[in-house]
Amino acid sequence: MAIVTVMGASGATVNVTVDGGDTLSLARAYAKTLQDTAAGKTFSTLRSGGNMSTANNAVGVITVGGAYALDGAYVNIVAGALSTDAASSPVLTTPVDINARGVTTPVDVVAGTLGGTTFLAGDGGGSFLGTAGNNTFVGEAGNFTIETGSGNDIVDTGGGNDTVNAGAGDNQIYLGDGSNAVASWGQDTILGVAGVQSVTIYGGNSSVSLGSNAWVKDTAAGSTIAVGGGSTVSGATRDTVSFTGTTGTIAGGMSDTISAAGDLVVNQGVGNSISVTGSLTFLNGTGMTTVTAGQSTIFGAGGLDMSVNGSGNTLFVANEGNQTLDGSLSGSPLHAFADSGTATFIGGTGADTLVGGMGSATMTGGLGDNLFAFTKGPSSGGDNVITDFGRSAGNVAALYQYGYENNNGLQSVLDAATVSGGNTTIQLSDSTRITFLGVNDLKASDFTLS
């Protein structure tokens with residue numbers, strides 16, 4: 001977080017540098033702008049203890065540390081300095097505590113003390129900008145914009161609908177039951193089990209725990225993220241992400257460890273480790289990926305190298321490019337479909353169905369009684385290898401829509417087969433080639449026709 005815009009109740013704005021900036025200059029610039037637009041405002045230097053404003057549009061100025069309680073129609077509070085003369089306004093270094101629970105109007109607060117500021121917000125809403133030190137913001141029902149600098153800050157939003165822009169530092173952010181948005185620039189701990197929460201992570205290495213229907217975008221890396229049902233996480237890198245509800249979505253994650261207690265959609269992930277108790281929908285992912293799931297529907301992309309351990313059925317649909325599905329750890333059936341790319345399918349102990357396509361497919365059925373299927377049509381014509389057809393007497397090759405059940409068609413294909421090195425290759429009428437490794441005695445009973 002670098003430059004922010006501070007707006008006073010009068011509508012005047014000041015652009016200021018927060019992290020690494022001169023906090024006294026900020027307070028002066030803000031105070032000067034307030035003075036220049038002071039029509040209808042009442043300025044007062046606040047005293048430690050209770051402060052009551054009987055005027056509308058009051059501006060309170062704090063120049064020394066201490067505890068301040070405010071009541072009335074304060075619209076601006078400056079803690080740090082008022083004068084534009086540096087010699088007469090030294091940097092404030094002592095803590096300032098501001099209790100604004102009695103403020104009846106929206107209030108804009110700029111605090112520039114190196115000792116840190118504690119601000120108790122009221123129900124009127126407004127803004128709080130803590131530029132120096134370690135700050136604490138505690139909200140109630142009012143809607144606030146909260147911005148902090150590079151200190152280790154604490155923000156408790158309360159029940160309002162708040163926007164939090166937390167600067168570099170180890171910040172603690174507690175989100176209430178409102179609708180809140182957080183920009184996290186530090187290594188933060190963010191908690192929000194109620195409400196509707198939106199978090200963007202810029203600093204990385206943070207801990208985020210949110211409830212249902214949350215939205216998290218991670219532009220950095222190394223965070224631990226837990227969200228409830230109906231939540232979405234995007235852009236994570238080397239994160240640990242857990243979904244605790246019945247549904248969830250993660251998009252664009254890279255090298256993440258992902259778990260879900262219910263059903264999960266994974267979209268365009270790269271090289272993730274995924275564990276899903278319920279059903280997994282995997283879309284356009286790539287890289288070395290491991291999946292443990294109940295039931296899986298997987299649409300791969302080029303470069304996907306996936307290992308699946310499924311306790312339920314797995315549907316895998318390849319696309320273009322090189323793709324591998326290794327289901328050797330699965331005890332439930334795999335249903336894998338090749339397309340125009342280069343596909344490698346490895347089955348487990350279940351009764352798998354492996355289907356050839358337009359490209360090249362290498363199929364290993366595994367220990368079950370498997371079906372190797374080929375269908376004549378716009379997605380056929382590929383070059384296929386079956387590595388273990390003779391492993392089980394229950395393995396069958398299915399030839400659909402070729403018409404080989406008529407006029408002794410299948411036998412004509414077998415008669416034209418090529419046997420070399422203990423392997424048998426047949427070619428179908430659509431130029432589909434199938435090589436059966438380790439098989440030199442193909443029979444009509446090895447096929448089913450339709």
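Computed from heavy atoms alone, side chains included, the values below leave out hydrogens, waters and symmetry copies.
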>> We want to know whether Thr432 and Ser380 form a side-chain donor-acceptor pair, criterion being a heavy-atom distance below 3.5 angstrom.
In response: no
> Which one of Ile77, Val78, Val109 satisfies the side-chain contact (heavy atoms from CB on, under 4.5 Å) criterion with Ile62?
Replying inline: Ile77
>> Minimum heavy-atom separation for Ala220 and Gly203, please, with both atom names.
In response: CB-C, 3.8 Å
>> Please check this pair: side chain of Asn135 against backbone of Thr148, looking for a donor-acceptor N/O pair closer than 3.5 Å.
In response: no
> Are the side chain of Asn370 and the backbone of Thr353 linked by a donor-acceptor contact shorter than 3.5 Å?
Replying inline: no
> Is any side-chain heavy atom of Ile298 closer than 4.5 Å to a side-chain heavy atom of Val308?
Replying inline: yes
> Would Val355 and Met363 count as a side-chain contact (heavy atoms from CB on, under 4.5 Å) if you check the C-alpha gap in whole Å, the side-chain angles of each, and the deciding distance to 0.1 Å?
Replying inline: CA-CA 9 Å; Val355 183; Met363 310 177 189; 5.9 Å; no
> Nearest 0.5 Å, what's the OG1-CD1 distance between Thr136 and Ile98?
Replying inline: 12.0 Å
> Is there a donor-acceptor pair under 3.5 Å between the side chain of Asn143 and the backbone N or O of Gly125?
Replying inline: no
> Do the rings of Phe144 and Phe119 sit parallel, tilted or perpendicular, given the 30° and 60° boundaries?
Replying inline: perpendicular
> Could you go step by step and tell me if Ser392 and Asp369 meet the side chain to side chain donor-acceptor pair (under 3.5 Å) rule?
Replying inline: CA-CA 6 Å; Ser392 170; Asp369 294 336; 2.5 Å; yes
>> Measuring only between side-chain heavy atoms, which start at C-beta, is Ile190 closer than 4.5 Å to Leu175?
In response: yes
>> Can you classify the ring geometry of Phe389 versus Phe372 as parallel (below 30°), tilted (30 to 60°) or perpendicular (above 60°)?
In response: tilted
>> Once rounded to the nearest 0.5 Å, what's the spacing between atom OG of Ser255 and atom CE of Met288?
In response: 11.0 Å
>> Set out, in order, the CA-CA distance, both residues' side-chain angles and the distance that settles side chain to side chain donor-acceptor pair (under 3.5 Å) for Thr292 and Asn309, then state yes or no.
In response: CA-CA 5 Å; Thr292 301; Asn309 183 354; 4.7 Å; no
>> Let me confirm one number: the OG1-CG distance from Thr289 to Leu325, rounded to the nearest 0.5 Å.
In response: 11.0 Å
>> I'd like to know whether CZ of Arg101 has more than 12 heavy-atom contacts from other residues, nucleotides or ligands below 6.0 angstrom.
In response: yes
> Without hydrogens or angle criteria, can the side chains of Thr290 and Ser273 be said to hold a donor-acceptor pair below 3.5 Å?
Replying inline: yes
> Between Asn267 and Val265, is there a donor-acceptor pair closer than 3.5 Å when you use the side chain of the first and the backbone of the second?
Replying inline: no
> What's the shortest heavy-atom distance between Gly294 and Ser311, and which atoms?
Replying inline: CA-OG, 3.3 Å
>> Tell me the closest heavy-atom pair linking Tyr68 and Ser48, and the distance in Å.
In response: CE2-N, 3.3 Å
> Would Phe137 and Asp153 count as a side-chain contact (heavy atoms from CB on, under 4.5 Å) if you check the C-alpha gap in whole Å, the side-chain angles of each, and the deciding distance to 0.1 Å?
Replying inline: CA-CA 8 Å; Phe137 174 95; Asp153 304 307; over 6 Å; no
> Below 4.5 Å, heavy atoms only, C-beta onward: do Asp352 and Phe345 meet side chain to side chain?
Replying inline: no
>> Quick check against the 3.5 Å criterion: does Asp256 have a side-chain atom that pairs as donor or acceptor with the backbone of Thr240?
In response: no
>> Under a 3.5 Å distance rule, please check whether Thr105 uses its side chain to pair with a backbone N or O of Tyr74 as donor and acceptor.
In response: yes
>> Has Ser44 got a side-chain atom pairing as donor or acceptor with Gly60's backbone, closer than 3.5 angstrom?
In response: no
> What's the shortest heavy-atom distance between Ser206 and Gly186, and which atoms?
Replying inline: OG-O, 3.3 Å
>> Can you give me the closest heavy-atom contact between Thr157 and Val164, atom names plus distance?
In response: CG2-CG2, 4.0 Å
>> Nearest 0.5 angstrom please: Asn395 CG to Asp388 CG, how far?
In response: 6.5 Å
> Between Gln295 and Asn313, is any side-chain donor less than 3.5 angstrom from a side-chain acceptor?
Replying inline: no
>> If we ignore hydrogens and angles and just use 3.5 Å, is the side chain of Thr246 paired with the main-chain N or O of Gly262 as donor and acceptor?
In response: no
>> If we ignore hydrogens and angles and just use 3.5 Å, is the side chain of Asn134 paired with the main-chain N or O of Gly116 as donor and acceptor?
In response: no
> Do side-chain atoms of Asp170 reach the backbone of Asn152 as a donor and acceptor pair under 3.5 angstrom?
Replying inline: no
>> Using 0.5 Å steps for rounding, measure from the CD1 atom of Ile154 to the OG1 atom of Thr118.
In response: 8.0 Å
> Does the side chain of Gln197 reach to within under 4.5 Å of the side chain of Val182, using non-hydrogen atoms?
Replying inline: no
> Which residue, Thr281, Thr247, Thr249, Ile258, forms the side-chain contact (heavy atoms from CB on, under 4.5 Å) with Leu264?
Replying inline: Ile258
>> If you apply the rule side-chain contact (heavy atoms from CB on, under 4.5 Å), what do you find for Trp215 with Val227, and how did you get there?
In response: CA-CA 8 Å; Trp215 182 87; Val227 290; over 6 Å; no
>> Quick one about Asn171 and Trp185 (side-chain donor to acceptor, distance below 3.5 Å, no hydrogens or angles considered), yes or no?
In response: no
> Can you check whether Thr387 reaches Thr362 side chain to side chain, under 4.5 Å on heavy atoms?
Replying inline: yes
> Do Ser307 and Asp326 have side-chain N/O donor and acceptor atoms under 3.5 Å apart?
Replying inline: no
> Side chains of Val276 and Phe243: does their closest heavy-atom pair fall under 4.5 Å?
Replying inline: no
> So do the side chains of Ser231 and Leu210 get within less than 4.5 Å of each other, counting heavy atoms only?
Replying inline: no
>> Walk me through whether Val216 and Ile201 qualify under side-chain contact (heavy atoms from CB on, under 4.5 Å).
In response: CA-CA 8 Å; Val216 179; Ile201 301 172; 4.2 Å; yes
> Going by heavy atoms in the side chains, are Glu147 and Thr131 under 4.5 Å from each other?
Replying inline: no
> Do Asn161 and Ser179 have side-chain atoms, one donor and one acceptor, less than 3.5 Å apart?
Replying inline: no
> Any idea which heavy atoms bring Asp263 and Ser279 closest together, and the distance?
Replying inline: OD1-N, 2.8 Å
>> So, taking the atom named CD1 in Ile225 and the one named NZ in Lys217, what distance separates them when rounded to the nearest 0.5 Å?
In response: 13.0 Å
